[in-house]
Q: 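Okay, handing you the structure first.
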Protein chains: 2
Amino acid sequence: MQAVTIKDVAALAGVSVGTASRVLSGNPATSADARERVAAAAAQLDYQPNAQAQALRSARSQSLGLLVPDVRNPFFADLAHAAEQAGLSAGYVTLLGNANESSDQQDRYLDTLISRRVDGVIIAPVGGDGGRLRALLERKVPTVLVDRTVPGFRLPSVTTDSETGIRQAVQHLAAQGHTRIGYISGPQATSTGRDRFAAFTQAVAEAGLSQDPELVYFGDYQAASGSAGVHALLELADPPTALLAADSLMAVGAISILHRRGLRIGTDVALVAFDDIEWFALLDPALSVIAHSVEDMGRIAVELLLQVIAGEEPASVVLPSELIVRASSSLPISLA
Amino acid sequence: MQAVTIKDVAALAGVSVGTASRVLSGNPATSADARERVAAAAAQLDYQPNAQAQALRSARSQSLGLLVPDVRNPFFADLAHAAEQAGLSAGYVTLLGNANESSDQQDRYLDTLISRRVDGVIIAPVGGDGGRLRALLERKVPTVLVDRTVPGFRLPSVTTDSETGIRQAVQHLAAQGHTRIGYISGPQATSTGRDRFAAFTQAVAEAGLSQDPELVYFGDYQAASGSAGVHALLELADPPTALLAADSLMAVGAISILHRRGLRIGTDVALVAFDDIEWFALLDPALSVIAHSVEDMGRIAVELLLQVIAGEEPASVVLPSELIVRASSSLPISLA
DNA sequence: CTGAAAGCGCTTACAG
DNA sequence: CTGAAAGCGCTTACAG
């Protein structure tokens with residue numbers, strides 16, 4: 001409407017629209033004179049190109065979609081931050097979508113991203129089947145999975161090798177004398193839920209600890225399920241002396257209920273959480289964690305996506321995880 | 001290119017592109033027969049309209065821009081979540097921009113939002129002058145300020161009445177016997193930094209407590225400055241016995257350094273933080289906070305923005321704040 | 001109720 | 001190096 005268009009810039013500079021476009025896009029086939037006058041006109045009018053028109057014409061939107069299960073989860077907030085910064089420095093704007101832990105909302109966002117014609121999508125998928133993920137692939141939209149994978153979708157991914165950290169945690173707890181470790185698992189509909197559960201099962205077996213299936217509670221990566229898990233595990237006839245929570249939100253729920261029950265973490269019960277959140281080090285006692293680098297994950301996901309956009313077929317990346325021992329798990333059980 | 005367009009849908013349905021468009025947009029001037037055939041064709045082809053073409057033609061992008069200082073700050077992550085959900089239910093997609101506490105990056109994002117022709121912008125501004133905010137207004141882009149205002153910009157806003165909560169906190173601390181309260185302030189370049197500082201100054205005077213200017217440390221709302229603030233305040237010849245931090249991240253920095261110095265929060269020194277973060281209740285001792293509703297803030301900001309988009313001139317909204325006393329500040333100083 | 005046509009703001013071969 | 005023109009995928013008066 002009253003917005004400044006390239007036509008206004010061209011008119012003020014006294015050149016054709018085509019020439020104005022060439023100057024503005026840095027096309028070398030321009031004269032010094034044209035460059036100067038167009039630049040001056042654009043500056044004078046404070047011209048901002050219509051990104052929609054550019055995208056429609058050039059079939060490139062210079063935007064990426066990032067779909068996370070929950071932005072309020074600090075892990076995904078950090079992931080969003082890392083990916084957004086990496087995208088920005090490559091000239092891409094990031095459209096952040098929040099599935100809000102709902103497959104339906106994820107599917108709606110996927111359709112939105114298709115409609116917006118984003119140049120690529122990074123997704124930490126919610127739900128067991130891919131849902132509308134398939135529509136993305138049918139349209140050959142460059143896509144990279146992050147944190148989680150989905151069976152049946154052969155896509156580049158950036159994930160964490162949860163196994164190493166979990167084995168370290170189990171061995172560490174065994175060394176403190178714990179024989180019954182309660183495990184608050186992620187949902188088995190997610191790859192991380194399955195992988196971490198399998199790693200826990202195997203580590204417990206290797207360490208010769210109790211494989212009592214009652215020691216496993218299946219949560220949903222939300223705080224409330226961490227509370228419920230602690231509740232259930234402590235009600236067992238033979239309750240665990242140590243707890244391992246498969247993500248930070250469930251650990252938060254666990255801590256909350258342990259406090260309410262008057263149990264001292266690190267003394268009455270040991271606790272280790274997957275995900276290294278800044279705040280965990282501030283708790284009293286400080287929380288032992290299985291750390292993995294969310295900054296690397298976000299940055300590398302963007303790198304892989306840019307490679308896919310460039311027509312390459314990058315290999316998936318698996319990042320390491322590592323136990324960080326703090327006071328919540330460092331007391332031998334005999335002293336507890 | 002190989003994407004399905006409305007032309008394909010029209011061809012398959014055996015109608016003109018115009019009729020297909022009318023059916024797809026719910027225009028009542030269509031026959032039952034046309035509606036049926038176009039709907040079937042669209043479903044069969046899994047047609048997703050090109051949002052760029054729609055926006056270019058209709059001058060409405062059905063997208064909102066949300067610019068926050070830092071997504072990793074839980075307050076703004078929650079704000080983003082609330083605004084995004086509210087926008088979504090009104091049919092808008094939210095483009096989340098992260099200024100990363102930099103005016104320059106904020107300005108770049110503002111230009112991007114202009115280029116993308118978002119239908120409106122919600123911004124928690126970084127920096128003292130508006131920067132490119134003025135460009136937004138010159139283009140008459142509907143804009144709402146959230147959390148913070150900027151002098152000289154008459155825009156609808158949703159902010160917190162920090163004064164009530166801060167006065168409650170100061171009175172509460174005075175009632176426990178504290179006479180020297182250390183204040184870790186937000187930057188004076190932000191409206192919240194100024195408002196909260198002014199509220200603190202006044203409350204301290206009203207309560208008859210020490211107005212020693214050395215008791216105020218000016219931070220930048222980041223964790224590191226909270227640490228630095230505690231450090232500076234405790235090095236005073238006559239150090240404070242209670243601390244009030246003007247946001248959650250500075251409180252986190254404060255807690256970290258208090259732990260490192262071996263000081264017991266709530267016993268050796270009282271601590272109250274502005275912003276009610278879920279985690280604060282889990283600390284041991286639980287942290288007293290000045291709470292305000294970030295959900296309301298995000299939701300109302302979207303409501304106001306939709307009103308501005310509709311051509312109305314909504315009044316600004318000021319939300320309440322309130323002290324929540326927990327263990328970190330509940331011990332009388334005589335017992336400490 | 002429907003089709004043909006113009007046009008949103010750009011970019012990009014095509015001549016010259 | 002430059003201009004004129006076509007066209008990206010839609011929507012919307014305009015006739016009929």
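These figures come from a predicted structure and were not determined experimentally. Order of the sequence lines fixes the chain letters, A, B, ..., with proteins taken first and strands second; residue numbering starts at 1 for each chain.
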Q: Round to a whole Å and report the spacing from CD1 of Ile6(B) to C1' of dG3(C).
A: 13 Å

Q: Tell me the interatomic distance from Leu24(B), atom CG, to dT2(C), atom C1', rounded to whole angstroms.
A: 16 Å

Q: Just wondering, more than 12 heavy atoms not from Glu312(A) lying within 6.0 Å of its CD?
A: yes

Q: Would you tell me if any nitrogen or oxygen in the side chain of Ser21(B) comes within less than 4.0 Å of OP1 or OP2 on dT11(D)?
A: yes

Q: Using the closest heavy atom to pick a nucleotide of DNA chain C for each, name whichever of Arg57(B) or Gly14(B) lands nearer the 5' end.
A: Gly14(B)

Q: Where the side chain of Ser157(A) meets the backbone of Thr159(A), is there a donor-acceptor pair that is under 3.5 Å apart?
A: no

Q: Any side chain to side chain donor-acceptor pair (under 3.5 Å) pairs touching residues 34-45 of chain B, not counting sequence neighbours?
A: Thr30(B)-Arg35(B), Asp33(B)-Arg37(B)

Q: How many Å lie between CG on Asp8(B) and P on dG9(D), as a whole number?
A: 9 Å

Q: Under the criterion salt bridge (Lys or Arg N to Asp or Glu O under 4.0 Å), which of Arg139(A), Arg116(A), Arg132(A) is the partner of Asp111(A)?
A: Arg132(A)

Q: Heavy-atom count check: over 12 atoms from other residues, nucleotides or ligands less than 6.0 Å from Arg134(B) CZ?
A: no

Q: What about Arg22(A): does its side chain form a donor-acceptor pair under 3.5 Å with the base of dG3(D)?
A: yes

Q: Please list, in numerical order, the residues of residues 108-120 of chain B that have a heavy atom closer than 4.0 Å to any atom of DNA chain C.
A: none

Q: My understanding is that only residues two or more places apart in sequence, or in another chain, count here; which of them pass salt bridge (Lys or Arg N to Asp or Glu O under 4.0 Å) with Asp104(A)?
A: none

Q: Find the distance between OG1 (Thr94(A)) and CG (Leu66(A)) and round it off to the nearest 0.5 Å.
A: 6.5 Å

Q: Where along residues 26-50 of chain A does a heavy atom fall under 4.0 Å from DNA chain C?
A: Tyr47(A), Pro49(A), Asn50(A)

Q: Between Leu319(B) and Val317(B), is any pair of side-chain heavy atoms under 4.5 Å apart?
A: yes

Q: Closest heavy-atom contact between Val150(B) and Pro125(B)?
A: CG2-CG, 3.4 Å

Q: With sequence neighbours left out, what residues match Asp119(B) under salt bridge (Lys or Arg N to Asp or Glu O under 4.0 Å)?
A: none

Q: Considering just the side-chain nitrogens and oxygens of Gln54(B), establish if one lies under 4.0 Å of OP1 or OP2 belonging to dT11(D).
A: yes

Q: Rounded to whole Å, how long is the line connecting atom CG of Leu56(B) with atom C1' of dC10(D)?
A: 8 Å

Q: Report the distance from atom NZ of Lys7(B) to atom P of dA4(C), rounded to the nearest whole Å.
A: 13 Å

Q: Can you check whether Thr19(B) has a side-chain N or O nearer than 4.0 Å to OP1 or OP2 of dG3(C)?
A: yes

Q: Represent DNA chain D in dot-bracket notation, 5' to 3'. Only Watson-Crick or G-U wobble pairs with both distances under 3.5 Å count; pseudoknot-style crossings use [ ] and interstrand partners use |.
A: |||.||||||||.|||

Q: Under 4.0 Å between a Lys/Arg side-chain N and an Asp/Glu carboxylate O for Glu303(A) and Arg299(A)?
A: yes

